[in-house]
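All remarks here apply to the structure that follows.
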Amino acid sequence: MLRLERIGKIYPTGEVLRDVTWEVKAGDRIGLVGVNGAGKSTQMRIIAGLEEPSSGQVVKQGDPRIVYLQQEFDVDLRRSVRQELFQAFGEAAEVLNRQREVEEAMGSEQAASDHDHLDALIHELGALQSRFEALHGYELDARIDKMLPTIGFSPADAERAVGDYSGGWQMRIALGKILLQEPDLLLLDEPTNHLDVETIQWLEGYLIGQTVPLVVISHDRAFLDRVCNQIVETERGVSRSYLGNYSQHLEQKTLEREAGLAAFERQQKELSSQQAYIDRFRASATRSTQAKSREKLLEKVERIEAPVESVSGPRFHFPPAPRCGRQVARITNLTHSYGEKILFLGANLEVERGDRIAFVGPNGAGKSTLLRLVMGMEQPEEGVAALGEHNVIAGYFEQNQAEALDLSKTVIDTIFEAVPDWTQTQVRSLLGSFCFSNDAVFKQAGKLSGGEKARLALALMLLSPCNLLVLDEPTNHLDIPAKQMLEDALMSYEGAALLVSHDRYFISRVANRIVELRDGDLVLYRGDYAYYQDKKQEEAAASERERERLEQESKRQANRARQKDKAAARKSQARAG
């Protein structure tokens with residue numbers, strides 16, 4: 001269907017892509033991976049025709065319809081869901097939008113007082129209606145009706161404004177819009193950003209069920225494992241394709257590196273042996289000819305290059321946790337609401353040393369609010385949410401932590417301001433562990449990418465020793481290597497941690513306790529994420545058994561009632577006889 005051939009891309013700031021070659025075929029679900037700045041979105045934009053490559057070409061079979069869902073998808077919050085979905089139909093949507101404007105204008109005071117203006121509007125409306133019919137506009141509504149249940153909306157839901165729905169539901173609308181265009185190739189750039197786990201799981205199932213080939217950029221390893229059947233990784237401007245999902249691609253990379261290293265070492269050993277023979281017998285009266293012959297052969301040997309290390313993420317450790325009491329945080333009879341929505345109703349939880357608790361629940365359930373309550377940044381309506389009383393020192397990383405940076409300062413000055421007694425070597429060593437090296441340390445914070453700002457904010461947090469980490473979506477904007485380094489640091493951290501994240505792989509590696517926000521309560525699962533999932537399946541099975549039991553009991557009661565009614569009827573007939 002489509003092939004990238006030796007694509008290169010050079011910006012004024014430097015070369016991003018050097019030798020990118022891969023293809024999309026029918027049935028492919030390709031995960032495009034690499035560190036931030038590797039050129040993943042650039043490749044997407046080149047495929048979509050939004051940018052031209054500096055070298056190479058994109059070869060297309062026929063004229064495929066390529067649809068691109070970018071990170072910041074475009075929806076109009078004022079339109080109804082149905083109206084927004086109709087925007088997928090291009091000219092038909094433009095005609096319908098203008099038709100609505102004309103109909104509104106016909107009811108205006110100007111139209112009522114100016115007959116010529118009203119006649120012009122009536123004439124334009126007739127022309128628009130004719131054009132709409134010619135574009136089979138009325139048939140397009142039937143396609144929307146068919147799409148609505150697929151993306152989780154009822155006909156009644158479709159009449160509500162887009163702005164009434166959460167970001168996850170707006171993503172469904174945006175996805176519905178592009179699928180109504182009947183694409184031959186679907187491009188998705190970070191579709192899981194800011195989605196809750198329930199919506200991510202819906203999206204996974206939906207994409208797996210599609211027949212349209214797709215290319216997706218994501219740093220969500222669980223998502224890549226479920227959805228993708230091929231991985232294209234870009235490192236140092238060069239691409240490499242791997243069959244299978246993300247985990248399988250990692251296994252293949254490890255095997256390739258081991259095989260490459262073994263071949264390199266074997267050749268080096270052989271070359272060393274041959275060179276030793278040549279050096280020993282070059283001046284020999286009897287063997288110099290043989291030595292020179294071997295030297296000529298050695299010059300012609302094609303050298304195997306040593307395997308290049310993969311691009312690594314930041315490596316760091318949190319400072320040692322100061323000693324504190326057993327209880328590091330407590331939530332007692334907590335009742336709190338947000339507007340008219342009750343988030344917590346008599347909720348209780350105790351956090352102890354060594355607990356690494358991940359809070360899970362849908363967007364809007366109150367996870368971030370709970371962290372702010374514990375940190376004392378909000379006051380509960382009733383009950384207690386507080387840190388422990390005995391030497392608890394908390395470090396807090398909030399979702400918009402990067403926005404708190406002074407955008408006018410450079411990266412290195414940002415750190416120096418926090419630790420003015422450090423040497424330049426110490427500061428640059430710290431920044432190097434967060435992938436800020438060479439001239440990158442002199443960039444202004446305002447010119448950093450979202451991922452770079454997040455890394456800088458994490459680096460700042462590292463500087464202060466604490467025994468409770470409170471992290472709200474710390475992996476947002478982090479690429480996979482950076483996430484792995486954060487996971488490793490948290491695994492070796494001696495203090496407690498409270499985490500909010502929608503990255504299931506991150507939670508599964510880091511958390512040793514799961515707390516689900518459910519119906520105003522905090523439901524504690526004393527195990528890791530796999531334990532939580534097993535328990536949820538057991539609860540679902542028990543709930544289904546209870547539903548079936550109640551259903552059977554209801555049927556039995558109905559049968560008994562019918563039998564009782566029949567018996568009463570027979571007695572009544574007997575008395576009447």
Side-chain angles (χ1 to χ4, degrees), residues 166-167 194-197 318 321 324 327-339 341-389 392-404 454 457-458 460-462 464 466-478 483 486-487 489-490 493 495-504 506-507 510-525 529 532:
S166 67
H194 311 298
L195 301 185
D196 58 35
V197 171
F318 289 102
C324 66
Q327 184 188 77
V328 295
R330 63 190 177 98
I331 295 165
T332 308
N333 296 324
L334 174 65
T335 294
H336 196 72
S337 58
Y338 186 78
K341 183 177 181 180
I342 296 174
L343 298 178
F344 308 107
L345 191 61
N348 294 279
L349 180 69
E350 184 177 28
V351 183
E352 299 181 354
R353 281 196 312 265
D355 284 349
R356 294 194 301 273
I357 297 175
F359 295 97
V360 299
N363 284 342
K367 300 185 294 294
S368 297
T369 300
L370 184 64
L371 297 189
R372 288 196 297 271
L373 287 166
V374 169
M375 290 298 299
M377 300 177 71
E378 287 190 30
Q379 295 303 311
E381 293 171 4
E382 294 180 24
V384 175
L387 300 175
E389 298 176 355
V392 175
I393 305 169
Y396 180 43
F397 183 91
E398 55 185 322
Q399 285 191 49
N400 59 352
Q401 185 90 359
E403 296 174 13
L458 273 173
L460 272 175
M461 184 178 176
L462 181 151
S464 302
C466 60
N467 43 39
L468 173 63
L469 288 168
V470 182
L471 306 176
D472 192 357
E473 294 287 3
T475 61
N476 275 1
H477 306 297
L478 296 187
K483 287 183 183 182
L486 178 58
E487 290 159 6
L490 284 168
Y493 176 62
L498 303 179
L499 314 161
V500 170
S501 177
H502 294 138
D503 189 318
R504 291 157 292 170
F506 175 79
I507 293 173
V510 170
N512 58 17
R513 298 283 188 272
I514 305 294
V515 170
E516 182 180 349
L517 281 68
R518 186 197 306 167
D519 300 326
D521 201 3
L522 299 174
V523 183
L524 173 63
Y525 293 82
Y529 193 64
Y532 164 72

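All values below come from the heavy atoms of this structure, side chains included, with hydrogens, waters and symmetry mates left out.
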Quiz item: Taking the side chain as C-beta and beyond, is there a heavy-atom pair between Arg513 and Glu352 under 4.5 Å?
Solution: no
Quiz prompt | Closest non-hydrogen atom pair, Ala321 against Gly495 | solution = CB-N, 3.8 Å
Quiz item: Checking Arg356 side chain against Val510 main chain: does a donor-acceptor pair fall under 3.5 Å?
Solution: yes
Quiz item: Do the non-hydrogen side-chain atoms of Leu478 and Leu458 ever get within less than 4.5 Å of each other?
Solution: yes
Self-check item: Distance (rounded to the nearest 0.5 Å) between Leu522 CG and Phe344 CZ
Solution: 6.0 Å
Quiz item: Once you round to the nearest 0.5 Å, how far does NZ of Lys483 lie from OG1 of Thr475?
Solution: 4.5 Å
Exercise. Kindly give the heavy-atom pair with the smallest separation between Ile342 and Leu345, and that separation in Å.
Key: CG2-CB, 4.3 Å
Practice problem: Evaluate the side-chain proximity of Arg353 to Asn467: yes if any heavy-atom separation is below 4.5 Å, no if none is. | Solution: no
Quiz item: Minimum heavy-atom separation for Ala347 to Gly520, with atom names?
Solution: CB-O, 3.8 Å
Practice problem: Ignoring hydrogens and angles, tell me if any N or O in the side chain of Lys367 forms a donor-acceptor pair with the backbone of Leu499 under 3.5 Å. | Solution: no
Self-check item: Heavy-atom closest pair, residues Pro474 and Phe506
Solution: CG-CZ, 4.1 Å
Exercise. Give me the one residue out of Val328, Ile331, Leu349 that meets side chain to side chain contact (heavy atoms under 4.5 Å, CB included) with Val374.
Key: Ile331
Quiz item: Do Leu370 and Val515 pass the side-chain contact (heavy atoms from CB on, under 4.5 Å) test, and can you show the C-alpha distance, the side-chain angles, and the key distance before you say yes or no?
Solution: CA-CA 12 Å; Leu370 184 64; Val515 170; 5.8 Å; no
Practice problem: Nearest 0.5 Å please: distance from the CG atom of Asn348 over to the CG atom of Asp521. | Solution: 7.5 Å
Exercise. Using a 4.5 Å cut-off on heavy atoms from C-beta on, say whether the side chain of Phe318 contacts that of Leu490.
Key: yes
Self-check item: Spacing of Leu343 atom CG and Leu517 atom CG [to the nearest 0.5 Å]
Solution: 8.5 Å
Quiz item: Using a distance-only test with no angle check, is there a side-chain donor-acceptor pair under 3.5 angstrom linking Glu378 and Thr369?
Solution: no
Self-check item: Exercise: identify the closest heavy-atom pair between Met375 and Ala394
Solution: SD-CB, 3.8 Å
Quiz item: With distance as the sole test, does Asn512 use its side chain to make a donor-acceptor pair with the main-chain N or O of Gly354 at under 3.5 Å?
Solution: yes
Quiz item: Hey, is the main chain of Ser337 close enough, under 3.5 Å, to the side chain of Glu381 for a donor-acceptor pair?
Solution: yes
Exercise. Search all heavy atoms of Ser501 against all heavy atoms of Asp503 and return the closest pair with its distance.
Key: OG-N, 3.0 Å
Quiz item: Is any side-chain heavy atom of Leu387 less than 4.5 Å from a side-chain heavy atom of Leu468?
Solution: yes
Quiz item: Tyr396 versus Cys466: any side-chain heavy-atom pair under 4.5 Å?
Solution: no
Quiz item: Any sub-3.5 Å donor-acceptor pair from Thr332's side-chain atoms to Gly383's backbone N or O?
Solution: no
Quiz item: If only atom types and distance count, is the side chain of Asp472 paired as donor or acceptor with the main-chain N or O of Glu398 below 3.5 Å?
Solution: no
Quiz item: Got a second to check how far Leu471's CG is from Leu469's CG, nearest 0.5 Å?
Solution: 5.0 Å
Exercise. Hey, could you give me the OH/CZ distance between Tyr529 and Arg504, rounded to the nearest 0.5 Å?
Key: 6.5 Å
